Amino acid sequence: MATIKEIAALAGVSRGTVDRVLNHRGDVNPQTEEKIWEIVRKLDYKPNKAGIVLAAQKKNLKLGVVLLGTGNPFFDDVLLGVHEKAEELEGYNCGVLIRQTEYSMKQQLSAIDALLSEGINGLAISPYNDDAIREKINSLCDRGIPVVTLNTDIENSKRLAYVGSNFFRSGEAAAGLMRLMTKGEVHVGIVSGSRNILCHTERIAGFAQVIRSHPHIRIADIVNNNDDDTESYTLTKQLLAGHPEINAFYFTAGGVYGGCRAIEASGRKNDTTVITNDMVPTTREYMEKGLIAATICQQPFQQGFLPLSILFTYLTTGESPASENNYVDVEIRIRENL
């Protein structure tokens, strides 16, 4: 097995220089740094695990977590994963600081800045899809603070990795379910969360892609409820009033409970097919009632747990994740397999 001493000899530098590169401490000429990483890759260098523990304890690392969706019960399960990994990392003298915001670019920037002021070394974030957030992520990466996105991604950023579902494929699956579970002309009302959340817009794109091959399924209208049940109730009632032809709904995000209440209140429970995402207690309730035909689940616990694992490994060993996109398994649930 290769050692830091051997890497230093091959690179023609000191062991201290190699250590700074492996632990992302900067102050190394970029050409020298690249040479060291090339040697590390060729030798397939793996740090000693006992050494990792000691090094991590000395570093006193801090990891930040910023989640969207205040009030969305889906993130309760994401937080379970975050808290379990955080408890494990306490043994390595690594702390985890958590912030949760609404769908707001300003709130998210403020949360990131607050974590930076507390000295975080890495960030896990469900990003608001805006240039300002992209630029912030890129600036963190340029400063040597790695970023892992979770649950939703942001395009053209320098983030280290993404953990979550393949949202476009999730939308395709929803369209396939709609095709299988309906008959005749189908007019779909889509209730989404936000135009600025990539996973929401990509689910709609995947859904639209599939139904192009099935002209009997049409999208009547699309509304955004910010994952808020009260907004969802109002918007769903408005959709049903403004589009009496609607006989199906696709909920791409939160607000399912409010939407289902509106369908019930409109007397449309028995003639409306509803496809949703995620499994929270109120979704289970409406599946048992027979209003929700199917829901597409995406392992929220893993979405909270795995990003912290990736960040910790990268910061202590310099080892990047095996894959840039770490897709979680997707499960389709119906009433019969709850």
Side-chain angles (χ1 to χ4, degrees), residues 63-86 95-118 120 123-130 132-134 136-137 147-154 159 162-165 167 191-203 223-236 251-262 276-286 295 297-308 328:
L63 302 180
V65 177
V66 176
L67 299 178
L68 289 167
T70 301
N72 182 348
F74 167 80
F75 284 100
D76 293 346
D77 289 330
V78 176
L79 283 166
L80 287 176
V82 170
H83 288 304
E84 179 155 321
K85 186 62 183 180
V96 177
L97 309 175
I98 304 167
R99 299 287 187 277
Q100 194 165 4
T101 74
E102 297 175 355
Y103 290 139
S104 164
M105 179 266 290
K106 290 183 179 179
Q107 282 190 26
Q108 188 157 87
L109 286 174
S110 178
I112 295 170
D113 287 337
L115 291 171
L116 287 171
S117 71
E118 296 193 52
I120 61 167
L123 177 68
I125 182 171
S126 52
Y128 189 82
N129 194 24
D130 185 274
I133 302 299
R134 184 178 296 104
K136 175 65 79 172
I137 289 174
V147 177
V148 174
T149 56
L150 66 114
N151 183 249
T152 184
D153 205 2
I154 188 164
R159 55 100 172 109
Y162 161 71
V163 177
S165 69
F167 2 90
V191 182
S192 193
S194 170
R195 295 184 183 89
N196 292 97
I197 304 299
L198 190 62
C199 67
H200 301 172
T201 56
E202 283 291 283
R203 282 175 180 147
V223 296
N224 294 280
N225 64 14
N226 294 302
D227 279 6
D228 182 86
D229 279 312
T230 302
E231 280 191 57
S232 194
Y233 179 88
T234 301
L235 291 169
T236 303
F251 289 86
T252 73
V256 173
Y257 178 65
C260 286
R261 285 178 53 239
T276 68
N277 280 277
D278 306 321
M279 179 63 75
V280 298
T282 50
T283 296
R284 175 184 287 271
E285 174 188 335
Y286 273 104
T295 194
C297 303
Q298 53 170 326
Q299 295 192 325
F301 182 91
Q302 287 297 323
Q303 293 186 36
F305 188 94
L306 185 56
L308 295 179
V328 298

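Keep in mind that the numbers below use all heavy atoms, side chains included, and drop hydrogens, waters and symmetry copies. Note that the coordinates shown come from a computational prediction; the quantities given were computed from them, not determined experimentally.
With sequence neighbours excluded, no residue satisfies ring-ring contact (aromatic ring centres under 6.0 Å, His included) with Y128. For A114, the side-chain contact (heavy atoms from CB on, under 4.5 Å) partners at least two apart in sequence or on another chain are R99.
In summary, D229 and R261 do not engage in a salt bridge, as defined by a charged side-chain N under 4.0 Å from a carboxylate O.
Side-chain atoms of Q108 and I125, non-hydrogen and from C-beta on, do get closer than 4.5 Å to each other. At least one side-chain heavy atom of I98 sits under 4.5 Å from a side-chain heavy atom of H83. Looking only at side-chain heavy atoms (C-beta outward), V191 and L235 stay at 4.5 Å or farther from each other.
The OH atom of Y103 lies 11.0 Å from the CG atom of N196; values are rounded to the nearest 0.5 Å. One distance of note links NZ of K136 with CD1 of I112; it measures 6.5 Å at 0.5 Å rounding. Interatomic distance, T295 OG1 to N277 CG, rounded to the nearest 0.5 Å: 6.0 Å. Distance OG1/T70 to CZ/F75: 9.0 Å, rounded to 0.5 Å. For the atom pair L67 CG and L150 CG, the distance stands at 6.0 Å (nearest 0.5 Å). Note that CD1 of I154 is 12.0 Å distant from SG of C199, once rounded to the nearest 0.5 Å.
The minimum heavy-atom distance linking I120 with G64 is given by the pair CG2-N, 3.8 Å. Here the closest heavy-atom approach between residue T252 and residue G193 is recorded as OG1-N, 3.9 Å. Nearest heavy-atom pair across S126 and L68 is OG-N, 2.8 Å. Closest heavy-atom contact between T201 and S194: CG2-O, 4.1 Å. Contact detail for D153 and T149: the closest heavy-atom pair is OD1-OG1, 2.8 Å. A pairwise comparison of heavy atoms in H200 and A253 identifies NE2-CB, 3.3 Å as the closest pair.
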- Query: Step by step, would you call Q100 with L79 a side chain to side chain contact (heavy atoms under 4.5 Å, CB included)?
  - Reply: CA-CA 10 Å; Q100 194 165 4; L79 283 166; 3.8 Å; yes
- Query: When you look at V96 and V82, which way does the side chain to side chain contact (heavy atoms under 4.5 Å, CB included) test go after all the steps?
  - Reply: CA-CA 8 Å; V96 177; V82 170; 4.2 Å; yes
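Looking at D227, its side chain does come within 3.5 Å of a backbone N or O of G254 through a donor-acceptor pair. Judged by distance alone, with hydrogens and angles left aside, the side-chain atoms of N129 form no donor-acceptor pair with the main-chain N or O of R195 at under 3.5 Å. When atom types are taken as modelled, the side chain of N226 and the backbone of D228 share no donor-acceptor pair closer than 3.5 angstrom.
For F251 and F74, the ring centers sit 6.0 Å or farther from each other.
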List, one per line, each side-chain donor-acceptor pair under 3.5 Å for residues 298-305, sequence neighbours excluded.
from	atom 1	to	atom 2	distance (Å)
Q298	OE1	S165	OG	3.4
Q298	OE1	Q303	NE2	3.0
Q298	NE2	D278	OD1	2.9
Q299	OE1	D329	N	3.4
Q303	OE1	N151	N	3.4
Q303	OE1	N151	ND2	3.0
Q303	NE2	Q298	O	2.7

